[in-house]
Amino acid sequence: MTAAENVCYTLINVTNDSEPPSEVSLKADLEKGEIKAKTEALKKVIIMILNGEKLPGLLMTIIRFVLPLQDHTIKKLLLVFWEIVPKTTPDGKLLQEMILVCDAYRKDLQHPNEFIRGSTLRFLCKLKESELLEPLMPAIRACLEHRHSYVRRNAVLAIYTIYRNFEHLIPDAPELIHDFLVNEKDASCKRNAFMMLIHADQDRALDYLSTCIDQVHTFGDILQLVIVELIYKVCHANPSERARFIRCIYNLLQSSSPAVKYEAAGTLVTLSSAPTAIKAAAQCYIDLIIKESDNNVKLIVLDRLIELKEHPTHERVLQDLVMDILRVLTTPDLEVRKKTLQLALDLVSSRNVEELVIVLKKEVIKTNNVSEHEDTDKYRQLLVRTLHSCSVRFPDMAASVIPVLMEFLSDTNEAAAADVLEFVREAIQRFDNLRPLIIEKMLEVFHTIKTVKIYRGALWILGEYCSTKEDIQSVMTEVRRSLGEIPIVENELKKEAGEVKPEEEVTAAPAPKLVTEMGTYVTQSALSTSRPSKKEEDRPPLRGFLMDGDFYVAASLATTLTKVALRYVALVEDKKRQNAFVAEAMLIMATILHLGKTSLPKKPITDDDVDRLSLCLKVLSECSPLMNDIFNKECRRSLSHMLAVRLEEEKLSQKKESEKRNVTVQADDPISFMQLTAKNEMTSKEDQFQLSLLAAMGNTQRKEAADPLASKLNKVTQLTGFSDPVYAEAYVHVNQYDIVLDVLVVNQTSDTLQNCTLELATLGDLKLVEKPSPLTLAPHDFANIKANVKVASTENGIIFGNIVYDVSGAASDRNCVVLSDIHIDIMDYIQPASCTDAEFRQMWAEFEWENKVTVNTNITELNEYLQHILKSTNMKCLTPEKALSGICGFMAANLYARSIFGEDALANVSIEKPIHMGPDAPVNGHIRIRAKSQGMALSLGDKINLSQKKTAS
């Protein structure tokens, strides 16, 4: 058995810097030393035995000189010593000296001090020799009646362990413990006794529970938890017992202990699918989330609620609890709020949408009053998106939501304002009846907008949807108000001239002369003359953007003015008024063009913006029907098409989701009998306690592995050659944050190999947890060695090392076999994830590490190559299916994934099919990967490089 598989009860920290003492000096200290010297010597003996030393000569010394001592520290150390010391001869017989030890422990079990009695009983749980335990049985039984609960509860554990390992020593243990349980008053003793009955004699445990089922709510929480476990196991094994115990579980939902409530709710859901049971369990979960302060607990319990929702019959019950679920939003943690809003959105229906929207509107208004914090902005964004989704699914709600949200267009946080704008754009396109309301509100808040991106969007909406004379006039008024006095250049020059001395011109070429305090002249360069410190706030918003050199907004304004001017011409028949409006629009564009060409703005106007302004001026001067059609109809048609595609995609994904959740039973489906069901088919029937234990130990099977054995063989790595004296191969088991290497070592020689040691080292963000212990291998024998490696981040790691050994009887130095490297695959840590386009762009701009991979493949189809990359990198394609469909010579797609450590990985695939090289030409192009850490970007690039080419199946 390897060190990793040995049962370990006691962990001891060993300092490696000290020299191991000799056996003679230890013997002297143990015989003649003071209590302190004996204590230190005993500690050294324990450490040496743990390191593999045998020290048989010290056994009798310790029995004679240390065992009779009454010092508590020595007694505690002796318990560790007797646990680890070899107690048998090489042929498996018990050592004679152990009889003396046994007698000493019989005395300790009758010791007046309860600590010594209790700790001795705990030690007896670890003994595996029935010959040592047999003489002690009467003393152990007597401890069940001790006055102190510490002794009694350890006596129960000792009896349980002995009964489990050596039933013949105490065959009446269940009866004994049942009688003890009936008369016991201490909660911890009752818990231990009840737990023993659950595992040793379930019928007796049920008999006891039946007698006190009405008092269960008065028990301590540790006993209540064990009762929940028993009820779960009994009902799991025998469903007909459910009716008997379900009332007890209902009572335990009212327990004062959060742990009991959580377990009881989980058990209730597995025992009954009645709406009342689901409602009670969900209500219990919600109370736990609100009352528990730890965010991790909140997230775990929220996950249980989300699991409940996945069941189609439970979803309707949870819909009635949406308002209770929204109480969780009082938690300040963003992750909890995000999950809660998503859950509420999934459960929203026509019955509860009105109440949901009222609560969310209140939350949005609350965020306005909170002091600015990064999480507040993100929370506001989440709320806006949730309201957006509600309004799209339930159009009746949009009218009440829009006025509240449009106040946030003037928000300094651009992301939240951009979400509002996107919502408004969709609402104004979809809901004709809301257009007047949205236009009115937009004109109200227009002058308060602070960020240029939102300003551009607002201009576009006003230009696209203002259809009455009054609205068009209002747009022009707002634009003039936002632009300030025109012509801009003259006005700016006057302003500057008004704040400096009249004779100093801004464009003055000669350098002005200044007089110092001493009366001497000093010359200052005209180039370094700082413009007058005019407060930026005094400028109207649009003028401010233009003076900062942002002329893209001017191009957007020109398009808006052209649209409204063309519409105004169609609405108003009076030629004079038509010309006046068009002339005003053209004057605004011309003055902006003039400003762009001067040196007043911080940056000059770009050629693209000049072209757009010039085009708009030309369109207004000619007013041709074709241009009118393009400006006023085609733009809206494009938006309408985009929104329709997006809605179609959302419906498709929802349909897929609902299809996945709906359990459809066909007429010819086989009937499942629980008694005949194979283990891997028992989905809902699996023991949850057993599953959680397996998950904690990392023994869970991956769900996607249809054949577990086949997937296991795929991960076997050969470490040495078949002709090496020692053959080794490793199975690499990845369990989230750690890797277990199960190494098979085979001695291929006819010699005995002593001290055969697996020596490992790691490269990358991997850390070896423990050094594997040495083995002795008989000729042609084999053994398994386990090694644990901790993983800290997502990057390709390498484990390398060698096997060293001595050949018995040979005088040569140690032999060494070098092992092949084990490469840890990054794909075990990467999971597909999704994010919005805005989030993708933001991360793309922020991440500093980029890896550009050149496409080198034998695949000839663009879509096939993309699917191949998605499969081999575990990433998700964010580009919609519609955008990728159709036959075209090139393709661009965005990919996204997240590691289990929370690291993001972005990729942009830009590929084309070289048509001039014929139909069988392979795809070429580039894949750009961006990540926050260098390791992630490089590892993902390596993975793509390795798997680009498709292997022939």
Q: Would you say Thr560's side chain and Leu459's backbone share a donor-acceptor pair under 3.5 angstrom?
A: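 Yes, Thr560 side chain to Leu459 backbone: donor-acceptor pair under 3.5 Å.
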Q: Determine whether Leu421 and Ile461 satisfy the following criterion, side-chain contact (heavy atoms from CB on, under 4.5 Å), listing intermediate values before the conclusion.
A: CA-CA 9 Å; Leu421 196 69; Ile461 289 171; 3.9 Å; yes
Q: So does Thr836 get a backbone contact from the side chain of Glu839, meaning a donor-acceptor N/O pair under 3.5 Å?
A: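 Yes.
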Q: Can you name the residues that form a side chain to side chain contact (heavy atoms under 4.5 Å, CB included) with Asn851, not counting sequence neighbours?
A: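 Asn851 satisfies side chain to side chain contact (heavy atoms under 4.5 Å, CB included) with Val853, Ile929, Ala937, Leu938 once adjacent residues are dropped.
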Q: Just by modelled atom types, is the Leu345 backbone N or O under 3.5 Å from a matching donor or acceptor in the Arg393 side chain?
A: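 Judged by distance alone, yes, a pair lies under 3.5 Å.
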Q: Could you check if a side-chain atom of Tyr379 sits within less than 4.5 angstrom of a side-chain atom of Leu341, using non-hydrogen atoms only?
A: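 Yes. Closest side-chain heavy atoms under 4.5 Å.
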Q: In sequence, state the C-alpha distance, the side-chain angles, and the governing distance for Met843 and Tyr896, and then conclude on side-chain contact (heavy atoms from CB on, under 4.5 Å).
A: CA-CA 11 Å; Met843 285 190 280; Tyr896 177 60; 3.7 Å; yes
Q: Do the side chain of Thr591 and the main chain of Ile588 share a donor and acceptor less than 3.5 angstrom apart?
A: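 Side chain of Thr591 to backbone of Ile588, a donor-acceptor pair under 3.5 Å: no, none is there.
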Q: Sub-3.5 Å donor-acceptor pair from the side chain of Lys913 to the main-chain atoms of Ala921, do we have one?
A: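 Flag set: sc Lys913 to bb Ala921 pair under 3.5 Å.
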Q: Any Lys/Arg nitrogen of Lys441 or Glu444 sitting under 4.0 Å from an Asp/Glu carboxylate oxygen of the other?
A: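 Looking at Lys441 and Glu444, the cut-off is met.
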Q: Is the shortest heavy-atom distance from the side chain of Arg480 to the side chain of Glu584 under 4.5 Å?
A: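 In short, these two side chains touch, coming nearer than 4.5 Å.
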Q: Strictly by ring-ring contact (aromatic ring centres under 6.0 Å, His included), give each pair with a member in residues 558-597 just once, sequence neighbours left out.
A: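 Checked against ring-ring contact (aromatic ring centres under 6.0 Å, His included) - neighbours excluded - the pairs reaching residues 558-597 are Tyr568-Phe581.
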Q: Where the side chain of Thr598 meets the backbone of Leu595, is there a donor-acceptor pair that is under 3.5 Å apart?
A: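 Indeed, once roles are kept as given, a pair shorter than 3.5 Å links the two residues.
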Q: State, yes or no, whether a side-chain contact exists between Val855 and Tyr865 at a heavy-atom distance under 4.5 Å.
A: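 Val855 reaches Tyr865 side chain to side chain.
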Q: Closest heavy-atom contact between Ala554 and Ile592?
A: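 Residues Ala554 and Ile592, closest heavy atoms: CB-CG2, 3.6 Å.
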Q: For atom CZ of Phe847, is the number of surrounding heavy atoms from other residues, nucleotides or ligands below 6.0 Å larger than 12?
A: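 Yes.
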Q: Measure from NZ or CZ of Arg435 to the centre of the six-membered ring of Tyr465 and say whether it is under 6.0 Å with the direction within 45° of the ring axis.
A: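 Pair Arg435/Tyr465 does not count as cation-pi.
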Q: Hey, mind stepping through Ile911 and Phe890 against side-chain contact (heavy atoms from CB on, under 4.5 Å) and telling me if it holds?
A: CA-CA 6 Å; Ile911 49 178; Phe890 61 89; over 6 Å; no
Q: Rounded to the nearest 0.5 Å, how far apart are CZ of Arg612 and CG of Leu617?
A: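 Going from CZ on Arg612 over to CG on Leu617, the span is 12.0 Å.
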Q: Look at the side chain of Arg930 and the backbone N and O of Trp844, then say whether any donor-acceptor pair between them is shorter than 3.5 Å.
A: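 Flag set: sc Arg930 to bb Trp844 pair under 3.5 Å.
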Q: Taking the side chain as C-beta and beyond, is there a heavy-atom pair between Thr386 and Gln342 under 4.5 Å?
A: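 No, their side chains stay 4.5 Å or more apart.
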Q: Please give me the minimum heavy-atom distance between Leu878 and Cys835, naming the atom from each residue.
A: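 Minimum heavy-atom separation between Leu878 and Cys835: CD1-SG, 3.7 Å.
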Q: From Glu464 CD over to Lys563 NZ, what is the distance, rounded to the nearest 0.5 angstrom?
A: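 Glu464 CD to Lys563 NZ: 4.0 Å, rounded to 0.5 Å.
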Q: What's the verdict on salt bridge (Lys or Arg N to Asp or Glu O under 4.0 Å) for Glu478 and Arg481, showing C-alpha distance, side-chain angles and the deciding distance?
A: CA-CA 5 Å; Glu478 284 297 335; Arg481 178 182 174 185; 3.4 Å; yes
Q: What pair of heavy atoms forms the shortest contact from Lys876 to Leu870, and how long is it?
A: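 Distance-wise, the nearest heavy atoms are C-CD2, 4.1 Å.
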Q: Thr879 side chain to Asn894 main-chain N or O, any donor-acceptor pair under 3.5 Å?
A: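 Between the backbone of Asn894 and the side chain of Thr879 there is a qualifying donor-acceptor contact (under 3.5 Å).
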Q: From Met586 CE over to Asn579 CG, what is the distance, rounded to the nearest 0.5 angstrom?
A: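 Here the rounded value is 10.0 Å.
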Q: Measure the spacing between OG of Ser474 and CZ of Phe446 and express it to the nearest 0.5 Å.
A: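 CZ of Phe446 is found 12.0 Å from OG of Ser474.
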Q: Going by atom types only, do Glu422 and His388 share a side-chain donor-acceptor pair under 3.5 Å?
A: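 Note: Glu422 and His388 side chains miss the donor-acceptor criterion.
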Q: Does the side chain of Val424 come within less than 4.5 Å of Met442's, by heavy atoms?
A: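 Met442 reaches Val424 side chain to side chain.
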Q: State whether Lys932 and Glu903 are salt-bridged, where the test is any N-O pair (Lys NZ or Arg NE/NH1/NH2 against Asp/Glu carboxylate O) under 4.0 Å.
A: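 No, this pair does not count.
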Q: Could you go step by step and tell me if Arg928 and Glu850 meet the side-chain contact (heavy atoms from CB on, under 4.5 Å) rule?
A: CA-CA 7 Å; Arg928 288 162 72 202; Glu850 179 173 302; 3.2 Å; yes
Q: Working to the nearest 0.5 angstrom, can you tell me the gap between Cys616 SG and Leu593 CG?
A: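 One finds 10.0 Å between SG of Cys616 and CG of Leu593.
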Q: Is there a donor-acceptor pair under 3.5 Å between the side chain of Arg567 and the backbone N or O of Ile472?
A: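 Here the side-chain-to-backbone pair does not exist.
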Q: Taking all non-hydrogen atoms of both residues into account, name the closest pair between Ser556 and Arg456 and its distance.
A: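 The answer is OG-O, 3.6 Å.
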Q: Are Ile927 and Leu895 side-chain neighbours, meaning at least one heavy-atom pair lies under 4.5 Å?
A: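 Sidechains of Leu895 and Ile927: no contact.
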Q: Please tell me if the side chains of Arg841 and Asp837 come closer than 4.5 Å, counting only heavy atoms from C-beta onward.
A: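 Heavy-atom side-chain distance check passes, below 4.5 Å.
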Q: Where the side chain of Ser389 meets the backbone of Arg385, is there a donor-acceptor pair that is under 3.5 Å apart?
A: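 The answer is yes, because a donor-acceptor pair under 3.5 Å joins these two groups.
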Q: Please list, chain by chain and in numerical order, all residues satisfying side chain to side chain contact (heavy atoms under 4.5 Å, CB included) with Asp611, sequence neighbours excluded.
A: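 So Asp611 forms no side chain to side chain contact (heavy atoms under 4.5 Å, CB included) with any residue.
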Q: Under 3.5 Å, is there a donor-acceptor pair between the Thr606 and Asp609 side chains?
A: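 Present: a donor and an acceptor within the cut-off.
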Q: For the residue pair Thr562 and Met589, what are the closest heavy atoms and their distance?
A: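 Thr562 and Met589 have their closest heavy atoms at OG1-CE, 3.7 Å.
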Q: Does some side-chain heavy atom of Leu940 sit less than 4.5 Å from a side-chain heavy atom of Met875?
A: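 Yes - at least one pair of side-chain heavy atoms lies under 4.5 Å apart.
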Q: Give the minimum heavy-atom separation between Asn433 and Pro436, together with the two atoms involved.
A: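 Shortest heavy-atom contact: O-CD, 3.7 Å.
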Q: Quick one: pull up OG in Ser939 and CD1 in Ile944 and give me the separation to the nearest 0.5 Å.
A: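 The OG atom of Ser939 sits 11.0 Å away from the CD1 atom of Ile944.
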